[in-house]
Amino acid sequence: MRDHDGLTLGYRIRWRLTWLLLHVVGPAEQSDDMDPRRRMERERAALVARNRAERAE
């Protein structure tokens, strides 16, 4: 399985652009629970896991 299972191409492109912009012009590195890039990564992982669980049913 891939880390983008169930995610559309448009979502993946928009997600990557947002992540890159936060990396370049976003806030300074923060703790994992406060960092917006880490929050995006957690939300994406949860979405992929939910899609995989729905497909497995």
Side-chain angles (χ1 to χ4, degrees):
M1 291 192 193
R2 297 170 295 194
D3 70 338
H4 57 76
D5 285 344
L7 304 177
T8 64
L9 179 61
Y11 174 86
R12 295 191 323 253
I13 291 171
R14 184 176 53 85
W15 187 92
R16 179 59 67 182
L17 288 174
T18 303
W19 190 91
L20 287 171
L21 284 172
L22 283 172
H23 181 70
V24 174
V25 296
E29 188 171 324
Q30 301 173 356
S31 63
D32 280 349
D33 59 330
M34 297 290 291
D35 191 339
R37 287 183 299 141
R38 300 295 175 246
R39 179 178 39 84
M40 286 180 63
E41 292 166 358
R42 287 190 305 269
E43 290 172 354
R44 180 179 169 141
L47 184 59
V48 168
R50 187 175 67 219
N51 288 340
R52 286 180 182 165
E54 288 176 358
R55 197 170 337 131
E57 291 178 352

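Counting from 1, the numbers follow the sequence of the chain as shown.
- Pairs engaging residues 21-57 under the ring-ring contact (aromatic ring centres under 6.0 Å, His included) rule: Trp19-His23 [sequence neighbours left out].
- Rounded to the nearest 0.5 angstrom, Arg39 CZ and Asp35 CG are separated by 9.0 Å.
- Separation of atoms CZ (Arg42) and CG (Asp32) is listed at 7.0 Å; rounding is to 0.5 Å.
- Residues satisfying the side-chain contact (heavy atoms from CB on, under 4.5 Å) test with Leu17, not counting sequence neighbours, are Ile13.
- Taking the side-chain contact (heavy atoms from CB on, under 4.5 Å) definition, one finds that Asn51 meets it with Leu7, Leu47, Glu54, sequence neighbours left out.
- Counting only residues at least two apart or in different chains, ring-ring contact (aromatic ring centres under 6.0 Å, His included) contacts with residues 30-56 are absent.
- Residues satisfying the side-chain contact (heavy atoms from CB on, under 4.5 Å) test with Leu22, not counting sequence neighbours, are Thr18, Pro27, Pro36, Arg37, Met40.
- Applying the side-chain hydrogen bond (donor to acceptor under 3.5 Å, both in side chains) test to Arg38 and every residue at least two apart in sequence or in another chain returns Glu41.
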